[in-house]
Amino acid sequence: MPKSENERAGRYVRQLSGYRAFIPNPLPPEGLDLDGGVRAALSRADLALGRLDGAVETLPHPELFTAMYVRREAVLSSQIEGTQASLDDLVAAEARLSGQRPMGDVNEVLNYTSALNFGLARLAELPLSARLLREIHEILMHDVRGGHATPGDFRTTQNWIGSAGRGLNEAVFVPPPPDQVAHHIGDLETFLHQPTDLPLLVQVGLAHAQFETIHPFVDGNGRLGRLLITFLLCERKVLTKPVLYVSLTLKKRRQEYYEHLQAIRDAGQWEAWLIFFLDCVTDAALDAAGLVKRILTLREMHRDRIVNEMGARAGKAIRLLERLYRDPYIEVNEAVRFLGVSFANANNIVLDLQGMGVLREATGQQRNRIFVYEDYIGLFRDL
């Protein structure tokens, strides 16, 4: 018997203590209509992803540049959850500089970076699964706000989404009871790995919404749900490099994001959600492709200046410049090790780059100075 529109995603069931929890139906949704608006949004997203993939292939060392993409995603996704740390705070922490934010906020972003990198590497040996999600969650929540809430384990208590100070009966949304979490995650895992004719981006959009509805952990569900998008795209090899992240778009459209997720649960509006999600993918892909072009422009400008102004030291200076695209900060001793030259030679190269405006000294000290590739970091700041 076909489900009513407001039960396409599941149903609210009153629990013994009086509150109503949402029990999701397994994916895919019944009667999913991919014609019209969804098909058009899918076409736009596919085109934008193709453009991004082509742009990334023009980068001379894509694996170096992806490190900064990961950092920006970590910052933006954490900011959606209320973390105040910025990209500059993250880079400062990595470079052992004095940042402007409490280390608690910065550690959340550092954990996100570690969790993302761990997940991408782990996918080479373990499919996307409940086990992998728990492993990633353990890294994400290690020793940070919410870290007391059983990192790496599905919740054993009821959580809910709502205003601070309000209880279950006044919540905006209550996910399924804890004793059903493993079952629903198992259904989601089955959906991800069973044969289907659904377009991949549609699968990803459905899976993200379902994960957020299950809300399987006490804390960290929003961040892990956004990581899930990246992991699925990488596992299915949609892109050659992990450079598509939707957090910037979701941050800009945060209220719409939450409203679309809730409309799935309340009114079965899967198609409207998919159009929104696919449009976010399109925006994120075009943003990333534009960023790649700006990186190439900056790189060529600085390479040309180095060649024209540094004479015999230009070759080693260009090598050091390329290294800065992975980690945009450097100490002279690190330049010594990287270039295999004396301290005096490395120091002269770094100071030349500082004099050209490529590097900025960030400590204000005479010893143990740290130099930052400011123009490159600036490309990744929240646009």
Side-chain angles (χ1 to χ4, degrees), residues 27 49 52-53 56 61-78 80-81 90 94 107-144 146-147 149-155 181-182 184-196 200-201 203-212 214-247 281 284 288 326-327:
L27 295 176
L49 284 175
L52 172 58
D53 205 33
V56 170
H61 305 292
E63 67 281 357
L64 300 184
F65 298 109
T66 56
M68 279 299 292
Y69 282 99
V70 167
R71 290 181 177 99
R72 187 177 78 156
E73 168 65 8
V75 168
L76 292 169
S77 188
S78 299
I80 291 174
E81 304 303 320
L90 175 59
E94 291 179 334
N107 284 336
E108 288 192 29
V109 182
L110 288 168
N111 279 7
Y112 190 100
T113 305
S114 298
L116 202 161
N117 286 323
F118 170 83
L120 291 173
R122 196 78 164 98
L123 282 173
E125 55 194 30
L126 184 68
L128 200 52
S129 58
R131 175 184 170 186
L132 182 54
L133 289 173
R134 290 197 302 270
E135 290 180 3
I136 294 165
H137 184 263
E138 185 172 9
I139 296 171
L140 188 68
M141 302 306 297
H142 176 69
D143 199 26
V144 296
T150 60
D153 292 325
F154 293 139
R155 57 184 169 87
V181 166
H184 292 300
I185 287 291
D187 282 346
L188 178 58
E189 187 175 342
T190 297
F191 168 73
L192 291 176
H193 297 292
Q194 68 187 3
T196 179
L200 176 58
L201 287 177
Q203 293 179 57
V204 175
L206 295 175
H208 173 75
Q210 190 81 336
F211 179 88
E212 295 303 331
I214 299 168
H215 238 60
F217 298 100
V218 173
D219 199 3
N221 294 287
R223 280 163 285 175
L224 188 52
R226 289 184 287 278
L227 282 172
L228 178 63
I229 296 170
T230 300
F231 294 146
L232 282 169
L233 293 174
C234 291
E235 183 184 51
R236 310 299 167 86
K237 303 189 186 306
V238 173
L239 292 169
T240 55
K241 297 292 178 183
V243 292
L244 181 79
Y245 304 106
V246 299
S247 288
V281 169
R326 182 185 69 242
D327 297 317

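Heads up: numbering here begins at 1 and tracks the sequence.
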Could you tell me which non-hydrogen atom of [X] sits nearest to which non-hydrogen atom of [Y], and how far apart they are?
| X | Y | value |
| --- | --- | --- |
| T230 | Y245 | OG1-CD2, 3.2 Å |
| T113 | V70 | CG2-CG1, 3.8 Å |
| R226 | S77 | NE-OG, 2.8 Å |
| Q194 | L27 | NE2-O, 4.3 Å |
| E189 | S129 | OE2-CB, 3.4 Å |
| R155 | I214 | NH2-O, 3.0 Å |

Taking it one step at a time, do V238 and L244 satisfy side chain to side chain contact (heavy atoms under 4.5 Å, CB included)? CA-CA 10 Å; V238 173; L244 181 79; over 6 Å; no

Decide yes or no on side chain to side chain contact (heavy atoms under 4.5 Å, CB included) for L232 and Q203, but give the supporting numbers first. CA-CA 9 Å; L232 282 169; Q203 293 179 57; over 6 Å; no

Within 45° of the ring axis of F154 and under 6.0 Å from its six-membered ring centre, is that where the NZ or CZ of R134 lies? yes

Please report the C-alpha distance between L201 and L233 in whole Å, then the side-chain angles of each, then the deciding distance to 0.1 Å, and finally whether the side chain to side chain contact (heavy atoms under 4.5 Å, CB included) criterion is met. CA-CA 8 Å; L201 287 177; L233 293 174; 3.7 Å; yes

[X] [atom1] to [Y] [atom2] distance, which is reported to the nearest 0.5 Å:
| X | Y | atom1 | atom2 | value |
| --- | --- | --- | --- | --- |
| S247 | R223 | OG | CZ | 11.0 Å |
| F211 | L188 | CZ | CG | 8.5 Å |
| L110 | S78 | CG | OG | 9.5 Å |
| L192 | L206 | CG | CG | 10.0 Å |
| R326 | M68 | CZ | CE | 12.5 Å |
| H137 | T150 | NE2 | OG1 | 7.0 Å |

Give a yes or no answer on whether the side chain of H193 reaches the backbone of L128 with a donor-acceptor pair at less than 3.5 Å.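 It does hold such a pair.
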
With the threshold set at 4.0 Å, does a side-chain nitrogen-carboxylate oxygen contact exist between E135 and R122?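 A salt bridge links E135 with R122.
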
Strictly below 4.0 Å, N to O, side chains only: are D327 and R71 in salt-bridge contact?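 Salt bridge present between D327 and R71.
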
Between L132 and L123, is a side chain to side chain contact (heavy atoms under 4.5 Å, CB included) present by the stated rule, with each step listed? CA-CA 8 Å; L132 182 54; L123 282 173; 3.6 Å; yes

Within the 4.5 Å heavy-atom criterion, are L227 and Y112 side-chain neighbours or not?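 Yes, at least one pair of side-chain atoms sits under 4.5 Å.
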
